[in-house]
There are 2 protein chains.
Amino acid sequence: MTAQRRVVAEVLDGDHVHLTADEVHTRAVAKLPEISRATVYNTLGELVSLGEVLEVATDKRAKRYDPNAHRPHHHLVCARCGAIRDVHPSGNPLADLPDSERFGFTVSDVEVTYRGLCPDCAAAA
Amino acid sequence: MTAQRRVVAEVLDGDHVHLTADEVHTRAVAKLPEISRATVYNTLGELVSLGEVLEVATDKRAKRYDPNAHRPHHHLVCARCGAIRDVHPSGNPLADLPDSERFGFTVSDVEVTYRGLCPDCAAAA
DNA sequence: GCTTGACTTGGACTCGATCTAAGTGAGGGT
DNA sequence: ACCCTCACTTAGATCGAGTCCAAGTCAAGC
């Protein structure tokens with residue numbers, strides 16, 4: 001546990017936090033000016049393989065990192081401004097995939113992304 | 001409708017077709033050697049805005065283009081080899097998101113990606 | 001036969017992400 | 001104490017996907 005890793009972990013703390021690697025780097029630099037982008041990427045990669053942080057790809061631009069890895073959840077994304085909220089749908093979408101639609105796959109996981117407009121963007125439209 | 005656009009449309013034809021822009025370009029070149037990458041991107045972009053083709057981002061690498069735009073469907077992806085199948089879950093995942101989990105958003109769309117192992121990769125594992 | 005305008009081309013460029021080679025520093029062994 | 005080692009970090013190069021732009025092409029209309 002080095003100072004750099006602690007800083008990255010600190011930046012990724014809280015609910016509904018979904019920062020890009022670059023945003024993580026910017027905030028980490030504020031706390032530890034000499035930290036490099038490569039280290040941020042390395043550390044994020046380790047946190048992901050440790051299962052402490054999830055990668056989410058809600059837009060096709062930069063990946064985002066979600067510290068809320070311990071409670072399964074899905075994402076609600078504003079199509080206009082990109083705001084992201086964690087959501088917990090009722091029911092289990094995995095159960096909605098009938099055997100006839102599994103093509104022999106061993107299905108182990110499901111990702112759901114809801115898209116729409118956040119209240120602010122809906123008001124502006 | 002130019003020769004270039006016809007070629008791109010021809011390449012994107014069939015079920016369970018999910019090519020990257022680069023694969024589309026490679027196949028288009030086989031039919032029309034002088035077609036440029038920019039034109040492939042332009043044409044794919046137009047097909048997407050016309051609603052004839054869907055962009056899917058099942059991995060965080062290149063976008064893929066799915067000509068099966070007219071019947072709503074979701075995707076089943078092999079975590080090991082990247083194979084993609086179109087699937088049609090029972091039920092409507094949109095209905096599974098209670099109002100209390102919508103945070104005032106106007107939710108209009110939902111994307112579901114199932115992940116697992118395809119029969120071949122499961123056998124190899 | 002010219003002009004116009006839409007389409008195409010190729011190359012430069014952007015951006016996110018990864019890789020590499022060199023630098024740093026804390027422990028461990030002697 | 002001293003040095004060795006090895007993991008970690010750094011800066012910058014590189015990569016890959018995608019976009020941009022200036023110049024080129026070509027067909028339709030005047």
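Heavy atoms only: backbone and side chains are in, while hydrogens, waters and symmetry mates are out. Convention: sequence-line order gives letters A, B, ...; per-chain numbering from 1.
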Taking only side-chain N and O atoms of [X], does any of them lie within less than 4.0 angstrom of OP1 or OP2 on [N]?
| X | N | answer |
| --- | --- | --- |
| B:T2 | C:dC7 | no |
| B:T20 | D:dA17 | no |
| B:R5 | C:dT8 | yes |
| B:Y41 | D:dG18 | yes |
| B:T39 | C:dT8 | no |

Reading DNA chain C from 5' onward, which residue's closest nucleotide shows up sooner: B:E34 or B:R37?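 Whichever sits nearer the 5' end wins; that is B:E34.
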
Distance, rounded to the nearest Å, where [X] contributes [atom1] and [N] contributes [atom2]:
| X | N | atom1 | atom2 | result |
| --- | --- | --- | --- | --- |
| B:N42 | D:dA22 | CG | C1' | 14 Å |
| B:L44 | C:dT8 | CG | P | 12 Å |
| A:I35 | D:dT10 | CD1 | C1' | 11 Å |
| B:Q4 | C:dT8 | CD | P | 5 Å |

Between A:A3 and B:A38, who's closer to the 5' end of DNA chain D by nearest nucleotide?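 So the residue in question is A:A3.
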
Do you know the tightest heavy-atom contact between B:A69 and B:L54?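 In terms of heavy atoms, the two residues are closest at CB-CG, 3.9 Å.
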
Between A:H16 and A:R85, is any side-chain donor less than 3.5 angstrom from a side-chain acceptor?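 Distance-only check passes for A:H16 and A:R85.
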
Find the distance between CG (B:L19) and NZ (B:K63) and round it off to the nearest 0.5 Å.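 Separation between the atoms: 15.5 Å.
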
Does the side chain of A:Y65 come within less than 4.5 Å of A:L12's, by heavy atoms?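 A side-chain contact exists here, since the closest heavy-atom pair is under 4.5 Å.
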
May I ask you to test the A:T43-A:V40 pair for a side-chain heavy-atom distance under 4.5 Å?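 In short, these two side chains do not touch, never coming nearer than 4.5 Å.
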
Would B:D66 and B:D86 count as a side-chain contact (heavy atoms from CB on, under 4.5 Å) here? Give the steps. CA-CA 9 Å; B:D66 183 343; B:D86 292 353; 3.7 Å; yes

Which of the following nucleotides, C:dA17, D:dG12, C:dG10, is nearest to the side chain of B:S36?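 The listed nucleotide nearest to B:S36's side chain is C:dG10.
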
For residues 113-125 of chain A, which side-chain donor-acceptor pairs fall under 3.5 Å, sequence neighbours excluded?
unit_1	atom_1	unit_2	atom_2	d
A:Y114	OH	B:P93	O	3.1
A:R115	NE	B:E111	OE2	2.8
A:R115	NH1	A:T58	O	3.3
A:R115	NH2	A:T58	O	2.9
A:R115	NH2	B:E111	OE2	3.3

Under a 4.0 Å heavy-atom cut-off, which of residues 22-32 of chain B touch DNA chain C?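 Residues of residues 22-32 of chain B under 4.0 Å from DNA chain C: none.
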
Enumerate the residues from residues 52-69 of chain B whose closest heavy atom to DNA chain C is under 4.0 Å, giving them by residue number; use none for an empty result.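 The answer is none.
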
Salt bridge check: are A:E23 and A:R27 linked by an N-O gap of less than 4.0 Å?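 No salt bridge links A:E23 with A:R27.
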
For B:H70 and B:E52: C-alpha separation, side-chain torsions, deciding distance, then whether side-chain contact (heavy atoms from CB on, under 4.5 Å) applies. CA-CA 7 Å; B:H70 295 300; B:E52 294 296 316; 3.4 Å; yes

